[in-house]
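Both backbone and side-chain heavy atoms feed into the values below; hydrogens, waters and symmetry mates do not. Because the structure is a prediction, the values reported are computed rather than measured. All chains are named by letter (A, B, ...) in the order of the sequence lines, taking the proteins before the strands, and each is independently numbered beginning at 1.
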Number of protein chains: 2
Amino acid sequence: MSPFTEQPVTAADKTFFQLRKDIVEGVIAAGTKLSETELSTKYSVSRAIVREAINRLESSSLVERKANVGARVVSLSPEGLVELYQIRESLEGMAARLAAKNMTDEEIADLQKLLNSHFDTVQADGSYYQEAGDVDFHYRIILGSKNNHLISMLINGIYHLVRMYRVQLGMAGPRVTTAFDEHKHIVQAICNRDEELAEMLMRRHIMYSKRNIESKLIK
Amino acid sequence: MSPFTEQPVTAADKTFFQLRKDIVEGVIAAGTKLSETELSTKYSVSRAIVREAINRLESSSLVERKANVGARVVSLSPEGLVELYQIRESLEGMAARLAAKNMTDEEIADLQKLLNSHFDTVQADGSYYQEAGDVDFHYRIILGSKNNHLISMLINGIYHLVRMYRVQLGMAGPRVTTAFDEHKHIVQAICNRDEELAEMLMRRHIMYSKRNIESKLIK
DNA sequence: AACGGTAAAATTGTCGACAATCTAGCTAGC
DNA sequence: GCTAGCTAGATTGTCGACAATTTTACCGTT
């Protein structure tokens, strides 16, 4: 099993995962104050556990904490989203470059299979649930980079925040077919071991995605 | 004052900073087991404080923790260093791009002054302590990006680990004058608001730096 | 002598209580 | 009527003790 499929083992883990889920999905609204005592009764654990969970959430940039005052869920802003996508552009661009270098032929073949299955789904059922497939695609390339720091930063760092934006600002956007074409070209570049091109295409892909989201936000 | 000059306020903060310093500077050797009880007596605080500090160190990628087993200081490896520099290349490259876009004319003028003062120092005293000046230069550009996520990732994330490598593998390298020229060109690009070029030069600069370090490691 | 299993010691995980700090509301003074 | 300072309440920070898990040491068996 991949070492990045985190499994909760301790109570603090479970509380952290639960809280993260609730925050990302908006069950706990953005900007909410997180009271330690309140949460400890709500989740039936001691305050120490909640404290540890909140600390981890802070490390994930999902909450902000002030000493002696408390923690609040971050509030979402257009600027924040732009900042996130700038980072994704550079980091996932690098991931694509490294994937072109480091993925095995087998992994690349798998990636192509994944893409084909997406194509079938899109073909059959005009609207398909983009999110899962898109995330899956990006995950594979990130993992394909074989750079553990990079993987960790994206998968247990930035991606949850990105998802929080997506869920709460309601981004079940179209861009399905165009995004699909972009994915196809990226895979092609990786298959050709063209690092330069893979990075460039991934950066563009994320840039387009950012623009698409921005155009919706302005409205 | 910049919001990224962290000030210790609580006991956990102080312990965290102290531990981080000791780890980065090798006072606590790489690979060492971090015993909570031991550290709590050593630093005269409760175990809860030490625990919190260790958790934060884990978030900074300076220690690795296993549930019910304990935490160890990360061990340094050539591969790890390469991974780090790959991330720096992409992230600081983006920082330079954004700095070219977002720094004020005043900030750019300041940056040029800094560079000139470095030039004087190098001129006067052939060997000068590169580290501080180099770090200062990179800091300014990172801050100049005005992207808070990016800034935080680099300054209270990756940079401590990079410094740990530098200190412990004894990188008071030469590359002073050549690095200086590279810095100069980057500032020039930023001054011209040439985002593309600024990013490209910064990426090259870090790539050269990486190669320089690699060549020393192989020996 | 080597191996496996069991019990004791040590270490981490969790808890509830106390101390320090911040917040809100009230009183007093202008 | 408004502001400043104080007091009471609530919240976070810190601590020591207990519970659960892992590691170590010992013993008996082969």
Side-chain angles (χ1 to χ4, degrees), chain A residues 1 3 5-23 28-75 156, chain B residues 1 3 5-23 28-75 156:
Chain A
M1 184 166 61
T5 52
E6 2 176 11
Q7 200 73 16
V9 19
T10 173
D13 284 340
K14 286 176 204 153
T15 310
F16 168 60
F17 288 125
Q18 182 64 47
L19 265 173
R20 187 174 66 182
K21 187 166 184 283
D22 289 348
I23 289 172
I28 300 176
T32 308
K33 169 96 195 281
L34 292 180
S35 160
E36 294 181 1
T37 54
E38 190 183 324
L39 290 174
S40 84
T41 62
K42 183 175 171 187
Y43 291 103
S44 311
V45 288
S46 87
R47 248 190 67 217
I49 302 291
V50 173
R51 256 181 95 74
E52 185 173 332
I54 290 180
N55 276 331
R56 286 204 237 169
L57 289 170
E58 189 190 14
S59 296
S60 313
S61 308
L62 289 172
V63 316
E64 287 169 350
R65 167 171 242 161
K66 275 188 208 162
N68 287 312
V69 173
R72 309 193 81 87
V73 177
V74 295
S75 41
N156 38 83
Chain B
M1 183 165 63
T5 52
E6 3 177 10
Q7 199 74 17
V9 20
T10 173
D13 285 340
K14 285 176 204 153
T15 310
F16 168 61
F17 288 126
Q18 182 64 48
L19 265 173
R20 186 174 65 183
K21 187 168 184 281
D22 288 348
I23 289 173
I28 301 175
T32 308
K33 168 101 195 282
L34 293 179
S35 157
E36 295 181 0
T37 54
E38 190 183 325
L39 290 173
S40 83
T41 62
K42 182 176 173 186
Y43 291 103
S44 310
V45 288
S46 86
R47 245 190 69 215
I49 302 292
V50 173
R51 257 181 93 74
E52 185 172 332
I54 291 181
N55 276 331
R56 286 204 237 169
L57 290 170
E58 189 190 15
S59 297
S60 312
S61 309
L62 289 172
V63 315
E64 286 169 351
R65 167 169 243 161
K66 274 190 209 161
N68 288 312
V69 174
R72 309 193 82 87
V73 178
V74 295
S75 42
N156 36 85

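For B/Thr41, there are no side-chain contact (heavy atoms from CB on, under 4.5 Å) partners two or more places apart in sequence or in a different chain. Scored by the side-chain contact (heavy atoms from CB on, under 4.5 Å) test, A/Thr37 finds A/Ser35, A/Arg47 as partners (sequence neighbours excluded). Take A/Asn55 and apply the side-chain contact (heavy atoms from CB on, under 4.5 Å) test, not counting sequence neighbours, and it matches A/Glu58, A/Arg65, B/Glu52. Scanning for salt bridge (charged side-chain N to carboxylate O under 4.0 Å, His left out) contacts around B/Lys33 gives an empty result, with sequence neighbours left out. In terms of the side-chain contact (heavy atoms from CB on, under 4.5 Å) criterion, residue partners of A/Ser60 (sequence neighbours excluded) are, by chain and number, A/Phe16, A/Leu62.
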Next on the checklist: Does the protein touch nucleotides 8-14 of chain C at the base, only the backbone, or not at all? Give it as B, S and - per nucleotide, heavy atoms under 4.0 Å.
Outcome noted: ---SBBB
